[in-house]
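Inspection log for the structure reproduced underneath, given as structure tokens.
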Amino acid sequence: MARIPRGQRTKAQTLSANENLRTFRANVLNFLDTSAALRLQIDEDFRFNRGGESQWNTDDRNKLLDEKRPVESFNAIAPVVNFLAGYQWERKKDLRYFPRGTEDEQIGRLATALGRYALDLNQGDAQLHRFFRKGIIGGHSCLYPCLNYTTTDDLVEGDLDWEVLPENSFGYSPFSRRYDRNDSDFYFMLYWMPLEAAQRQWPNQHAILTPGFINDWYTGQDATTGVPTQIREVFYQRDTQQVRIIRYFYRKQVDVWLLANHATQDYERMGSEKEAEAKLKEIYDTAGAQAASNFSVMTADSQTALIHTQTGQMQTFAAPEEAEQVLDNLKAQVGAAATKDFEIVTRPTTTMRMAHLCGWDQLDDAKSPYGQMDAEGEIVPDWRFPFVTFVPYQDTDDFLSIKGIVRDIKDPQRNLNWYLSTAQDKLVRGPKGMLWMLKGEHTDIPNLEARISKAVFIGEYAAQPPIWMPPTPVVTEDLVMVNTMLEAIMRITGINAELLGQTTQKTISGRSIQARQSGGLVGVSSLLMNWGASYQYFGDLLIRRIQQFYSVDKMNRIIGDDQ
């Protein structure tokens, strides 16, 4: 654990840090180790989509350059990505919240209008498209819906924002099985933050957030602790004065107390068992007091009477104590009757918390800011992680099965580039046409070179012309392999020439083209189904954020006061 100067933390903070830091660090490193191969593949996927020399590995590129051969790339991956991303944009459906019954129809329309406003305000559609595009390229993308006070006109309440996280900057439990990752124990994101901004956000952690604190992150030497030397640069960039922050959401085991009314099937969440008992006693006492309020005790001479104030019925007693006892018994009976259907139920559950780490040191730890407010105005954290994950394909539980559409067509793209470079090398460096002039004729060779094709070599001979070597013809075998690789990319992805609008056949009918297009779209149905699941979960988080962060006045301003 990191060394913290004495006196910088309270006792509670020290205990919390000691308890959590080991788990936080182990979980983050476990994800990074487990997903190392996947993250390398994702980086390569994005390079292949970028095209150019990024599609060549270093050894092959250096080999070609050493041999003075061309390094060519014919990017057949980008059109496939562009088509699928464009297809999603063309067929996209706006979020709409449907009522469960006719009585909810008005609420459904208002919720849809509020969601549309939130998306329009901060380029929500563009961010969702970027979220989809990153997912189909690398197979693993993440969207973080959050509250924004920076780029907004509403500095009081802020506005919702949609942050598409950079690739390989987020993680969760490798053992999670749900598509939305809500069965994970944790979910984290990494981001860079200017040191000055970090100091403003955590003013009580200035002892940690200083340029010299890097040497205090580890108490031992790097060689003995096993910490790589370069790990320090992972958390702090000296040239830009930025620190790496880990925002870490995790679940903590807690007990929840519910006050259950079995008669009405209502359940009220209480803060503690003591609070639940106090609420139950309040119901008991209120019902008894209300029943007793209909009676009054009157004493005259040597007799005491208990009189019902509404009916006038009277019951006499020899002593006032007997009347009070009857009244107490009435309170107990009515109170017991009012609370007989209530029960205090204890449920083991979890609560969501959010911590910030820097250099494996804890900056803060508090309950998650995302949830719903209870009757007392306190936020009850949502059990859902505030992240939307999009994974186009994952057929097994291991990380390496996570992929987009680029993963399976990188090998054909490599071969395509290799055969194309080879064909061009043969054409450029192969024998050229020759034109030999007798040396004694004093021909103006520079003038000929300026007027004749560069593919023709012009020279002079003294007695006999040299042996003529014919120019290299078009290398058909290389071009056949180029076309084969292009066909393989289309077959693997299912996105054929008809979908791309690149078919050159003249005799094919329109019905056949439509059938091939339909078949190609069937091939990406699984991908689009997973996108639908991510989109639906995003809509769920969106309406929850609106309910939490939009005040009633703001909602009225958006939809109109008359609503």
Side-chain angles (χ1 to χ4, degrees), residues 16 19-20 23-24 26-28 30-31 95 97 100 111 114-115 118 131 141-147 160-163 165 170-189 246-260 265-273 275-276 344-357 362 364-391 397 530 532-550:
S16 176
E19 178 182 357
N20 293 334
T23 302
F24 294 167
N27 286 340
V28 173
N30 181 35
F31 172 83
L95 279 172
Y97 296 95
R100 295 192 178 274
L114 292 170
F131 175 43
S141 59
C142 182
L143 180 71
Y144 177 51
C146 54
L147 190 64
L160 298 179
D161 201 359
W162 331 106
E163 183 179 353
L165 301 185
F170 58 93
Y172 44 81
S173 171
F175 302 104
S176 61
R177 295 295 177 266
R178 285 180 50 146
Y179 178 76
D180 59 11
R181 306 313 189 219
N182 275 315
D183 59 340
S184 176
D185 296 328
F186 63 93
Y187 207 122
F188 69 90
M189 58 179 287
I246 302 178
R247 180 169 293 162
Y248 185 94
F249 289 84
Y250 69 101
R251 289 192 173 96
K252 186 175 182 180
Q253 299 293 329
V254 294
D255 288 330
V256 172
W257 289 270
L258 304 173
L259 188 59
Q265 296 297 314
D266 291 332
Y267 297 87
E268 183 179 359
R269 182 169 177 171
M270 311 304 295
S272 63
E273 186 176 14
E275 182 181 343
I344 299 177
V345 180
T346 304
R347 290 283 186 268
T349 185
T350 59
T351 185
M352 188 72 70
R353 297 186 66 82
M354 181 181 72
H356 287 91
L357 312 174
Q362 181 173 302
D364 61 20
D365 181 18
K367 64 182 181 180
S368 171
Y370 303 110
Q372 299 295 326
M373 289 188 179
D374 58 15
E376 286 74 26
E378 294 291 331
I379 294 178
V380 179
D382 191 1
W383 60 268
R384 300 165 184 81
F385 284 112
F387 298 95
V388 186
T389 308
F390 174 40
V391 177
D397 292 335
N530 286 344
S534 297
Y535 196 46
Q536 183 176 359
Y537 183 58
F538 168 77
D540 190 6
L541 291 185
L542 171 61
I543 197 63
R544 291 177 183 276
R545 299 294 172 265
I546 289 174
Q547 289 175 320
Q548 178 182 358
F549 294 121
Y550 281 15

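The first residue in the sequence is number 1, and the count goes up from there.
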Can you check side chain to side chain contact (heavy atoms under 4.5 Å, CB included) on Tyr250 and Asn20, steps first, answer last? CA-CA 10 Å; Tyr250 69 101; Asn20 293 334; 3.6 Å; yes
Tyr537 and Thr389: side chain to side chain contact (heavy atoms under 4.5 Å, CB included), yes or no, with the steps? CA-CA 9 Å; Tyr537 183 58; Thr389 308; over 6 Å; no
Applying side chain to side chain contact (heavy atoms under 4.5 Å, CB included), run through Arg353 and Asp365 and close with a yes or a no. CA-CA 7 Å; Arg353 297 186 66 82; Asp365 181 18; 3.5 Å; yes
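For residues 247-260, there are no salt bridge (Lys or Arg N to Asp or Glu O under 4.0 Å) pairs, not counting sequence neighbours.
Residues meeting the side-chain contact (heavy atoms from CB on, under 4.5 Å) test with Phe188, sequence neighbours left out: Val28, Phe31, Phe186, Leu190, Ile246, Tyr248. Phe385 meets the ring pair (Phe, Tyr, Trp, His ring centres under 6.0 Å) test with Tyr187; sequence neighbours excluded. Partners of Asp364 under the side-chain hydrogen bond (donor to acceptor under 3.5 Å, both in side chains) rule, at least two apart in sequence or in another chain, are Trp202, His356. Under the ring pair (Phe, Tyr, Trp, His ring centres under 6.0 Å) criterion, Phe170 pairs with His140, sequence neighbours left out. Evaluation of the side-chain hydrogen bond (donor to acceptor under 3.5 Å, both in side chains) rule for Ser184 yields no partner, not counting sequence neighbours. For Ser141, the side-chain contact (heavy atoms from CB on, under 4.5 Å) partners are Phe131, Lys134, Phe390, not counting sequence neighbours. Taking Tyr267 as the reference, nothing meets the side-chain hydrogen bond (donor to acceptor under 3.5 Å, both in side chains) condition, with sequence neighbours excluded. Listed by chain and number, the residues in a salt bridge (Lys or Arg N to Asp or Glu O under 4.0 Å) with Asp161 amount to none (sequence neighbours excluded). The salt bridge (Lys or Arg N to Asp or Glu O under 4.0 Å) search around Arg544 returns Asp540, not counting sequence neighbours. In this view, Tyr370 satisfies the ring pair (Phe, Tyr, Trp, His ring centres under 6.0 Å) rule with no residue, not counting sequence neighbours.
To the nearest 0.5 Å, the span separating OH on Tyr550 from CD1 on Ile543 amounts to 10.0 Å. Distance CG/Leu165 to CE/Met189: 5.0 Å, rounded to 0.5 Å. The SG atom of Cys142 lies 10.5 Å from the CZ atom of Arg181; values are rounded to the nearest 0.5 Å. Atom CH2 of Trp162 and atom CG of Leu143 lie 8.0 Å apart (nearest 0.5 Å).
When all heavy atoms are compared, the tightest approach of Pro145 to Leu541 is CG-CD1, 4.3 Å. Scanning both residues, Cys146 and Glu163, for their nearest heavy atoms gives SG-OE1, 4.4 Å. Looking at every heavy atom in both residues, Phe249 comes nearest to Ser368 through CE2-OG, 3.9 Å. Scanning all heavy atoms of the two residues, the minimum distance from Ala118 to Leu542 falls at CB-CD1, 4.0 Å. Nearest heavy atoms, Gly539 versus Tyr97: O-OH, 2.7 Å. Nearest heavy-atom pair across Asp183 and Ser176 is OD1-CB, 3.2 Å.
Under the 4.5 Å side-chain criterion, counting only non-hydrogen atoms from C-beta, Met354 is not in contact with Pro381.
Counting heavy atoms of neighbouring residues, nucleotides and ligands inside a 6.0 Å radius, atom CD of Gln536 does not exceed 12 of them.
Side-chain N or O atoms of Gln372 include none that pairs as donor or acceptor with a backbone N or O of Val380 at under 3.5 Å.
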Validation: residues 344-352 side-chain donor-acceptor distances under 3.5 Å, sequence neighbours left out:
from   : atom 1 : to     : atom 2 : distance (Å)
Thr346 : OG1    : Trp257 : NE1    : 3.4

